[in-house]
> 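The structure is given below, and queries will be raised subsequently.
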Amino acid sequence: MKKRLSLTIASLCLAWLPFGSRPADALDSNPTDNANQLTESEKRSGWELLFDGSSTDGWRNYKRDGVSDGWKVEDGALIRHSKGAGDLITEEKFDTFELSLQYKISKEGNSGLMFHVVEGDGRPYYTGPEIQIQDNKDGHDPQKAGWLYQLYKPGNAPGEDTPIDATRPAGQWNELYLRIANDQCSVCMNGVRYYNFKLGDKTWKDRVAASKFAKWEGFGEAGKGHLCLQDHGDVVAYRNIKVRRLTDGQPVKQPIDGKLGMKSVLAFPNLQWDQWEAVDDAGQVRPLRLIELTYAKDMPERLYTISQRGMIWTFENKPDVTESQLVLDLRDKVYDWQKRGANEQGLLGLAMHPEFKTNQKFYVYYSLADAKKSIISCFTMSKDNPHQADPESEVVLMEIDQPFQNHNGGSIEFGPDGFLYIGLGDGGLRNDPHSAGQDLGKILGKILRIDVDNAGNGKAYAIPADNPFVKTSGALPEIYAYGLRNPWRIAFDPASGRLWAGDVGQELWEEVDVITKGGNYGWSSREGTHPFGNQPVPESGSEPIEPVWEYDHEIGKSITGGRVYRSDRNADLKGKYIYADYVTGSVWALSYDPETGKATRNDQVLPDSIPVLAFGQDAAGEVYYLTNSVRGECIYRFDAAK
């Protein structure tokens with residue numbers, strides 16, 4: 001590779017110019033004053049800082065005892081700033097681990113991150129594979145940032161003939177993630193997965209043999225070694241360097257403060273589901289899959305629930321209840337969630353009107369069976385049967401085009417203000433391909449707020465006058481908050497009126513958000529508190545609001561947003577936000593401080609793994625969890641273990 005003259009600090013500042021008309025840090029998820037700190041979740045789950053933001057402790061030059069003057073610590077960043085800096089390595093060696101770091105590269109600059117470096121006769125790259133770090137726009141090397149040099153690179157984006165590039169321009173912070181484990185290794189750039197690989201397998205050996213590294217004996221074979229930041233003669237800065245050690249066959253630490261040790265109990269053990277059969281007409285077993293459980297505020301003695309397939313039931317809220325009544329069967333209208341790729345579609349939302357006892361209206365959100373649309377509509381109960389809806393009474397409020405089968409959101413809730421709130425995902429696929437999350441002119445990736453009691457402007461609903469973007473040029477007036485990837489699910493705290501959301505992440509992070517009017521929750525410039533992708537943020541957008549809690553994909557891979565427990569029955573749960581991860585089956589209780597807007601404690605609720613689809617709540621504030629069952633045993637509550 002061709003060397004270039006090193007830059008001075010003054011020229012570095014000139015290189016780090018703003019991107020467009022927004023500040024250089026506009027896409028950053030971690031402003032400087034929050035850099036080099038572990039989040040509360042990271043502290044609890046085994047992450048460690050490798051750079052404290054103020055010193056070079058824990059680092060030294062390759063084959064030397066100290067750190068040269070060419071490396072400086074300034075403004076919370078570790079900067080390779082002048083000639084003769086030399087390659088920098090960790091004093092400690094690592095075998096299997098996860099590493100996350102942020103870098104800011106100078107114009108035309110080049111550097112690299114190496115792992116499993118052994119201090120032998122040659123340079124660090126004689127033994128340690130190198131992940132490129134460079135300015136992709138003006139750099140001189142065809143091996144781009146995030147590529148494992150001469151070995152692995154990301155695939156092409158759909159419809160493109162060049163590899164995916166998620167890096168941000170010179171002068172902006174990028175976040176690189178590296179996982180080295182015996183089962184699978186991977187690299188993500190700004191949250192976008194570039195590639196997976198396995199050290200030492202046939203593919204790895206073949207690629208090494210075809211590279212320049214074949215001539216160095218032992219390249220990539222050490223199994224344990226130093227981490228190395230390369231001096232390539234250019235100015236580059238690093239911060240937020242974090243590592244988590246991995247142990248074969250052992251899960252990482254749960255990000256919890258304690259274990260409540262509760263047990264799950266079938267809430268309505270004798271309940272039978274009216275007109276539901278576990279075997280369909282084709283003789284196939286179909287589990288009952290409940291996705292919502294709610295009540296009418298002015299009729300608290302009854303509960304209402306829906307199956308994702310399209311059926312709605314009601315029953316008395318009594319532990320010994322035996323009978324349910326089928327309120328409405330929408331299976332002919334609703335897309336079948338068991339079709340290929342459709343597990344996020346179906347009947348997804350139910351909300352009873354705040355004055356249900358008087359007007360007998362309720363609202364549903366479903367995926368249309370014969371078109372790529374989500375429907376939000378109103379039904380009215382039959383005049384002849386208080387527990388059965390009139391199927392001809394449907395009034396469609398909204399039809400929302402859905403470009404893909406996933407990320408449809410679908411949770412709907414009436415707020416304390418009487419307005420209907422609607423959670424919408426970004427439309428699906430990966431990487432927010434339609435750039436919906438940050439675009440106020442697009443309806444997807446948002447929380448909507450509408451007035452269902454009035455109509456206007458040719459719509460079957462009205463826009464609340466105090467919606468945050470009613471006067472914003474180019475913005476959809478229905479939008480209440482934005483920057484969501486796939487809110488699964490949303491729920492109001494019956495005591496405080498606070499709106500909670502669990503937002504499903506893509507590659508690395510799941511998050512819990514408290515939704516405020518006009519709030520921007522970051523997607524798709526951010527995943528949790530971390531940078532994501534490189535799409536420019538529209539100038540109309542506000543600074544992202546950080547989640548109150550996040551957890552990484554070694555902990556779980558698909559958050560199930562929950563509800564705040566308000567029943568007097570379980571003192572250990574009261575006032576806590578109960579949520580879960582569907583993939584790992586973990587169930588947690590999050591304590592929240594409204595003054596700081598942060599979580600203060602996270603407790604494990606159940607010792608067992610439970611695939612929770614959703615949570616429901618009754619008028620007493622009791623929280624239930626919902627799951628699949630071929631026996632129809634889908635609704636559970638939490639009891640003290642003793």
> Taking the side chain as C-beta and beyond, is there a heavy-atom pair between I559 and W488 under 4.5 Å?
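Answer no - side chains too far apart.
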
> Are R244 and E98 close enough for a salt bridge, meaning some N to O gap below 4.0 Å?
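Looking at E98 together with R244, the answer is yes, because their closest N to O distance falls below 4.0 Å.
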
> Are the side chains of S100 and W47 in touch, meaning some heavy atoms are under 4.5 Å apart?
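Yes. Closest side-chain heavy atoms under 4.5 Å.
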
> Distance check, rounded to the nearest 0.5 Å: L424 atom CG versus I447 atom CD1?
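It comes to 7.5 Å.
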
> Closest approach of L590 and A599, non-hydrogen atoms and distance?
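Smallest interatomic distance, heavy atoms only, reads CD1-CB, 3.6 Å.
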
> Might you point out which heavy atoms bring P163 and P154 nearest each other, and give the distance in Å?
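Scanning both residues completely, I find the closest heavy atoms to be CB-O, 3.4 Å.
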
> As a test of understanding, state which of L101, V243, L78 forms a side-chain contact (heavy atoms from CB on, under 4.5 Å) with L50.
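With L50 as partner, side-chain contact (heavy atoms from CB on, under 4.5 Å) holds for just one option, V243.
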
> Applying the side-chain contact (heavy atoms from CB on, under 4.5 Å) criterion to R179, which one of L246, T96, L508, V187 satisfies it?
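Testing each of L246, T96, L508, V187 against R179, the sole residue satisfying side-chain contact (heavy atoms from CB on, under 4.5 Å) is L246.
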
> I would like to know whether Y551 and S586 meet side chain to side chain donor-acceptor pair (under 3.5 Å); could you show each step before the answer?
CA-CA 12 Å; Y551 62 90; S586 298; over 6 Å; no

> Rounded to the nearest 0.5 Å, what separates atom CD1 in I515 from atom CD1 in I490?
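Rounded to the nearest 0.5 Å, the CD1-CD1 separation comes to 8.0 Å.
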
> Between K144 and D165 (salt bridge meaning N to carboxylate O under 4.0 Å), is one present in this structure?
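Salt bridge absent between K144 and D165.
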
> Go through it in stages, so that I can follow the logic: the residues are T90 and W59, the test is side chain to side chain contact (heavy atoms under 4.5 Å, CB included), and I'd like the CA-CA distance, side-chain angles, deciding distance and then a yes or no.
CA-CA 5 Å; T90 56; W59 296 84; 3.6 Å; yes

> Mind telling me whether Y577 and Y579 have parallel, tilted or perpendicular rings, with 30° and 60° as the class edges?
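Ring orientation of Y579 relative to Y577: parallel.
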
> Is there a donor-acceptor contact under 3.5 Å from the side chain of D581 to the main chain of S558?
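Looks like yes, one N/O pair under 3.5 Å.
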
> With rounding to the nearest 0.5 Å, note down the distance linking OG1 in T560 to CD1 in I610.
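These two atoms lie 12.0 Å from each other.
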
> Provide the closest heavy-atom pair for R193 versus C188 in the form atom of the first, atom of the second, distance.
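Looking at all heavy atoms of both residues, the closest pair is CA-SG, 3.6 Å.
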
> For a quick check under 3.5 Å, do T529 and E550 share a side-chain donor-acceptor pair by atom type?
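Their side chains do contain a donor-acceptor pair, which is all the 3.5 Å distance test asks for.
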
> Is atom NZ of K442 surrounded by more than 12 heavy atoms (other residues, nucleotides or ligands) closer than 6.0 Å?
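It does: K442 NZ has more than 12 such atoms within range.
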
> Could you check if a side-chain atom of P531 sits within less than 4.5 angstrom of a side-chain atom of Q102, using non-hydrogen atoms only?
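Side chain of P531 against side chain of Q102, heavy atoms only: contact under 4.5 Å found.
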
> Less than 4.5 Å apart, any side-chain heavy atom of D426 and any of H434?
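Contact flag for D426/H434 side chains = no.
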
> Find the distance between OH (Y421) and CD1 (I412) and round it off to the nearest 0.5 Å.
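Between atom OH of Y421 and atom CD1 of I412 there are 14.0 Å.
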
> Using a 4.5 Å cut-off on heavy atoms from C-beta on, say whether the side chain of E554 contacts that of S45.
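Side-chain contact under 4.5 Å: no.
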
> For Y625 and F615, take the angle between the two ring planes, folded into 0 to 90°, and tell me which bin it lands in: parallel under 30, tilted 30 to 60, perpendicular over 60.
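Rings of Y625 and F615: perpendicular, as their planes differ by over 60°.
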
> Is E478 close to I422 at the side-chain level, that is, under 4.5 Å between some pair of heavy atoms?
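Side-chain contact under 4.5 Å: no.
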
> With no hydrogens and no angle check, is any side-chain donor or acceptor of S106 less than 3.5 Å from a backbone partner on V235?
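Yes; judged by distance alone, with no hydrogens or angles, the pair exists.
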
> Would you confirm whether the ring centroid of Y482 sits within less than 6.0 angstrom of the ring centroid of F469?
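Centroid separation for F469 and Y482: below 6.0 Å.
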
> Report yes if the side chains of Y565 and K576 come closer than 4.5 Å at any heavy-atom pair, otherwise no.
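Heavy-atom side-chain distance check fails, nothing below 4.5 Å.
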
> Any carboxylate oxygen within less than 4.0 angstrom of a Lys/Arg side-chain nitrogen, looking at R485 and D432?
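D432 and R485: not salt-bridged.
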
> Please report the interatomic distance CG(N406) to CG(N408), rounded to the nearest 0.5 Å.
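The CG atom of N406 sits 7.0 Å away from the CG atom of N408.
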
> Taking Q143's backbone N and O only, do any of them form a donor-acceptor pair with Q132's side chain (distance below 3.5 Å, no angle check)?
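Answer holds: yes.
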
> Could you tell me whether K598 and E40 have a side-chain N and a carboxylate O separated by less than 4.0 Å?
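Judged by the 4.0 Å cut-off on N to carboxylate O distance, K598 and E40 do not form a salt bridge.
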
> Is the NZ atom of K198 crowded by more than 12 outside heavy atoms at less than 6.0 Å?
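Result for NZ/K198: open.
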
> Only one of D138, D135, D234 clears salt bridge (charged side-chain N to carboxylate O under 4.0 Å, His left out) with K107; which?
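Per the salt bridge (charged side-chain N to carboxylate O under 4.0 Å, His left out) rule, the option paired with K107 is D138, out of D138, D135, D234.
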
> Search all heavy atoms of P594 against all heavy atoms of R498 and return the closest pair with its distance.
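That closest heavy-atom pairing would be CB-NH2, 3.4 Å.
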
> Evaluate the side-chain proximity of F115 to L99: yes if any heavy-atom separation is below 4.5 Å, no if none is.
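In short, these two side chains do not touch, never coming nearer than 4.5 Å.
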
> I need the N431 CG to I164 CD1 distance, nearest 0.5 Å.
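Those atoms lie 6.0 Å apart.
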
> Does a salt bridge link R526 with E546, judged by any charged N lying under 4.0 Å from a carboxylate O?
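No salt bridge links R526 with E546.
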
> Before we go on, tell me: are the rings of Y238 and F51 under 6.0 Å apart, centre to centre?
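Not under 6.0 Å, so no.
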
> Would a line drawn from the ring center of W500 to the ring center of Y592 be shorter than 6.0 Å?
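Here the rings of Y592 and W500 have centres that are less than 6.0 Å from each other.
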
> Just say parallel, tilted or perpendicular for the rings of W204 and Y152, cut-offs at 30° and 60°.
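Rings of W204 and Y152: parallel, under 30°.
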
> Tell me the closest heavy-atom pair linking L444 and G427, and the distance in Å.
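Nearest pair, atom of L444 first, then G427: CD1-CA, 3.7 Å.
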
> Run the side chain to side chain donor-acceptor pair (under 3.5 Å) test on W523 and Q506 for me, step by step, so that the C-alpha distance in whole Å, both residues' side-chain angles and the decisive distance to 0.1 Å come before the verdict.
CA-CA 10 Å; W523 181 257; Q506 180 167 303; over 6 Å; no

